[in-house]
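Model, not experiment: these values are computed from the prediction. First the proteins, then the strands, lettered A, B, ... as listed; each starts at 1.
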Protein chains: 2
Amino acid sequence: MDLKKKRVTIYDIARALNLTASTVSRSLNNNSRINEDTRKLVIAKAREMNYRANSLASNLRKGKSQTIGIVVPRINQNFFSNVIAGIESITNEKNYNLIICQSNESHEKEIKCVNTLINQHVDCIVISVSAEGDDYTHLQNVIDHQIQLIQFDRVVEKIESLKVTNNNEEASREAVEHLIASGYRRIALLAGPQNLDIFRDRKAGYLKALRANKITIADELILDADTNNEHDAELIRRLFALPNPPDAIFASRDDFLALGVLEAANDLNLKVPEQLGICGYSNERFTRITSPSITTIDQFGVDMGKTIAQTYFDELDGKDEETAVATKTISIKPKLIVRSSTQRGK
Amino acid sequence: MDLKKKRVTIYDIARALNLTASTVSRSLNNNSRINEDTRKLVIAKAREMNYRANSLASNLRKGKSQTIGIVVPRINQNFFSNVIAGIESITNEKNYNLIICQSNESHEKEIKCVNTLINQHVDCIVISVSAEGDDYTHLQNVIDHQIQLIQFDRVVEKIESLKVTNNNEEASREAVEHLIASGYRRIALLAGPQNLDIFRDRKAGYLKALRANKITIADELILDADTNNEHDAELIRRLFALPNPPDAIFASRDDFLALGVLEAANDLNLKVPEQLGICGYSNERFTRITSPSITTIDQFGVDMGKTIAQTYFDELDGKDEETAVATKTISIKPKLIVRSSTQRGK
DNA sequence: CTGAAAGCGCTTACAG
DNA sequence: CTGAAAGCGCTTACAG
């Protein structure tokens with residue numbers, strides 16, 4: 001047996017069957033006008049010879065890859081893995097491939113991922129940008145290379161593309177309204193990095209709720225977190241060290257931050273929700289099972305993923321030659337999930 | 001501006017510079033014997049024209065893709081995402097690309113993923129098989145197509161390939177020894193699907209520990225779980241419904257199962273660890289922060305990922321023409337993490 | 001150091 | 001319904 005055995009190509013099949021590559025190709029792609037017997041013959045032979053199509057070659061020739069590239073900060077965050085699962089559920093049916101990349105919240109790595117995907121000639125790039133960075137020429141580059149760009153969740157407003165977003169402001173407003181309704185009055189905000197729109201929006205929602213209820217906005221109760229969990233403890237400590245500490249904390253960056261708050265409260269022997277209310281963001285799986293369970297906001301990641309994929313295919317089908325790259329924004333409303341960490345007898 | 005604008009190729013650059021494609025290609029790949037000035041010229045022009053290499057074309061020509069395909073059951077399980085992160089940390093340096101696929105524990109989907117990767121001409125496929133299924137011709141197929149196969153964690157013994165495994169039996173034995181040392185005597189085992197070696201090994205470790213300590217093995221205390229979390233509750237209920245229920249449960253499939261046990265214990269007002277000891281598997285992030293925190297086993301996913309990638313590159317470098325596809329097994333020892341859920345003043 | 005030419009494995013107008 | 005030929009965008013022996 002050869003060690004340098006080459007893979008079987010359509011020419012090998014053609015030779016074995018006394019046909020041409022054209023006919024083999026047509027048979028394998030079972031379209032066009034091909035004699036049914038010929039087709040069966042070819043397919044049987046291909047199987048027998050353990051033939052595998054070379055996607056590189058066919059994609060090169062066809063000028064498209066039936067592949068969608070996804071770039072997310074982290075694949076193991078509940079929200080992102082849900083979005084990916086949602087996208088997959090649609091692309092599977094359509095026989096599209098997915099290339100998943102994670103930027104690890106690094107702007108540099110994100111650029112690298114995007115460039116690789118451009119080089120791979122993916123048909124579409126779906127991205128939620130990392131927290132770092134403010135230069136987005138790599139996104140513009142996607143568009144310049146005629147690749148459909150779809151931004152989701154963490155979108156860059158100024159880059160025109162398809163966008164699927166959550167209504168973060170509205171969800172946050174609702175969460176804070178709920179805290180107020182539960183009787184909390186000194187509500188702190190642990191916000192996410194303010195260079196991202198979504199975290200600015202969440203802060204806006206918080207402010208809006210306080211104003212609507214005529215609660216004074218205390219600057220010392222508003223702190224911006226970055227995405228590094230290891231810095232969380234310090235921020236939380238700072239809140240509890242205030243002369244007049246908060247009676248509730250809205251950890252609007254994510255549930256991991258809320259978890260840190262819960263741990264800190266335990267260490268300080270603060271009773272949750274009696275002495276401290278806690279609300280997180282993104283409905284991480286563990287929030288249901290901590291003690292007490294944590295009130296949070298569900299972003300419907302799976303639905304969002306489905307919407308993203310569906311939007312792409314709709315765009316593909318309905319594409320009129322007039323439009324260059326499509327731009328449109330679809331907003332999904334997240335849902336407040338009230339659990340024990342914020343429910344007290346007023 | 002053209003809507004059907006084509007991408008810039010090396011021919012476009014060559015034309016603009018009055019050179020040939022050969023020279024442009026050589027300059028861009030900055031190897032060979034190229035005049036330094038020519039190279040600079042080409043690179044500058046390429047940047048100016050916003051040129052992007054077409055990986056499809058170059059990979060087709062070179063017959064390799066500098067791409068590694070990964071197939072895991074779920075990308076959002078701590079262990080798997082750690083392994084992926086570990087692999088990435090090495091492949092990043094080497095400028096290799098990663099295509100990540102998830103089988104969602106479906107054997108059918110797994111086969112589809114593997115086939116897609118074969119068609120994409122990846123250089124290597126890294127896989128941890130799904131819980132379903134017992135036909136592994138798709139793995140044999142990888143080898144038959146001269147693609148390096150690396151199995152990890154959930155490996156199929158009979159398929160010869162590189163393998164990176166955890167010593168599951170040893171880790172489980174240690175965990176059960178620890179339970180015994182904490183004074184638990186009726187130790188139940190919630191095992192994973194027994195068609196996978198790793199779960200059989202964990203059961204073997206459990207049995208070994210009991211035997212070594214002369215504790216009677218009670219069949220009614222050993223139940224096999226599948227990978228569907230929704231079935232967990234029923235199994236757990238069955239254990240607690242026994243006339244003589246367990247005083248400790250080793251949820252050897254994973255921490256999510258252990259979490260289910262903890263929830264059930266709470267519902268039944270059983271005190272953990274006093275009345276019930278609980279041990280999980282895989283050191284999921286939440287185990288550190290439940291109340292009580294859960295004793296579990298860390299599999300060093302990141303290290304495992306690094307080992308996998310490193311092994312691949314070693315094999316690549318040291319490859320003598322004599323060896324076909326490399327086969328070798330590397331075993332990593334997991335570590336027991338003792339937390340509150342099993343610590344009682346025996 | 002640079003060029004001309006072939007070829008990687010496909011698909012698809014163009015003929016017949 | 002099938003074939004001959006060109007071409008997708010590269011890389012790389014072979015010359016010079």
- Between B:N29 (CG) and D:dC10 (C1'), how many Å, whole number? 9 Å

- May I have the distance from B:L19 (atom CG) to C:dA4 (atom C1'), rounded to whole angstrom? 14 Å

- Message: I need the NZ-P distance between A:K64 and C:dC10, as an integer number of Å.
- Response: 17 Å

- Item | Test salt bridge (charged side-chain N to carboxylate O under 4.0 Å, His left out) applied to B:D123 - qualifying residues, sequence neighbours left out | none

- Message: Holding to ring-ring contact (aromatic ring centres under 6.0 Å, His included), I want the full list of residues that pass it with A:F313, two or more places apart in sequence or in another chain.
- Response: A:Y96

- Item | salt bridge (charged side-chain N to carboxylate O under 4.0 Å, His left out) partners for A:K45, two or more places apart | A:E48

- Item | Watson-Crick or G-U pairs under 3.5 Å in DNA chain D, rendered as dot-bracket with [ ] for crossing pairs and | for another strand | |||.||||||||.|||

- Can you find a side chain N or O atom of B:S55 that sits less than 4.0 Å from OP1 or OP2 on D:dC10? no

Between the protein and nucleotides 6-9 of chain D, which nitrogen or oxygen pairs are less than 3.5 angstrom apart?
| unit_1 | atom_1 | unit_2 | atom_2 | d |
| --- | --- | --- | --- | --- |
| D:dG7 | N2 | A:R61 | NH1 | 3.4 |
| D:dC8 | O2 | A:R61 | N | 3.4 |
| D:dG9 | N2 | B:A57 | O | 3.2 |

- Item | Under the side chain to side chain contact (heavy atoms under 4.5 Å, CB included) test, residues paired with A:S22 that sit two or more places apart | A:T20, A:R26

- Query: Which residues pass the salt bridge (charged side-chain N to carboxylate O under 4.0 Å, His left out) test with A:R52, sequence neighbours left out?
  - Reply: none

- Note on the structure: Residues at least two apart in sequence or cross-chain that pass salt bridge (charged side-chain N to carboxylate O under 4.0 Å, His left out) with B:E93, listed by chain then number, are none

Atom pairs, N/O to N/O, protein against nucleotides 13-16 of chain D, distance under 3.5 Å?
| unit_1 | atom_1 | unit_2 | atom_2 | d |
| --- | --- | --- | --- | --- |
| D:dA13 | N6 | B:R26 | NH2 | 2.6 |

- Within a strict 4.5 Å, meaning less than it, do heavy atoms of the B:K94 and B:T91 side chains meet? no

- Item | Pairs flagged by salt bridge (Lys or Arg N to Asp or Glu O under 4.0 Å) wherever residues 98-119 of chain A is involved - sequence neighbours left out | A:E105-A:R154, A:K109-B:E88

- Does any pair with a residue in residues 15-24 of chain B pass salt bridge (Lys or Arg N to Asp or Glu O under 4.0 Å), and if so which ones, sequence neighbours excluded? B:D12-B:R15

- Message: I need the NZ-P distance between B:K40 and C:dC1, as an integer number of Å.
- Response: 13 Å

- Considering only side-chain heavy atoms of A:T20, which listed nucleotide, D:dG3, D:dT12, C:dA4, is closest? D:dG3

- Query: Which residues pass the side chain to side chain contact (heavy atoms under 4.5 Å, CB included) test with B:A14, sequence neighbours left out?
  - Reply: B:V24

- Under 3.5 Å side-chain donor-acceptor pair for B:N195 and B:D134: no

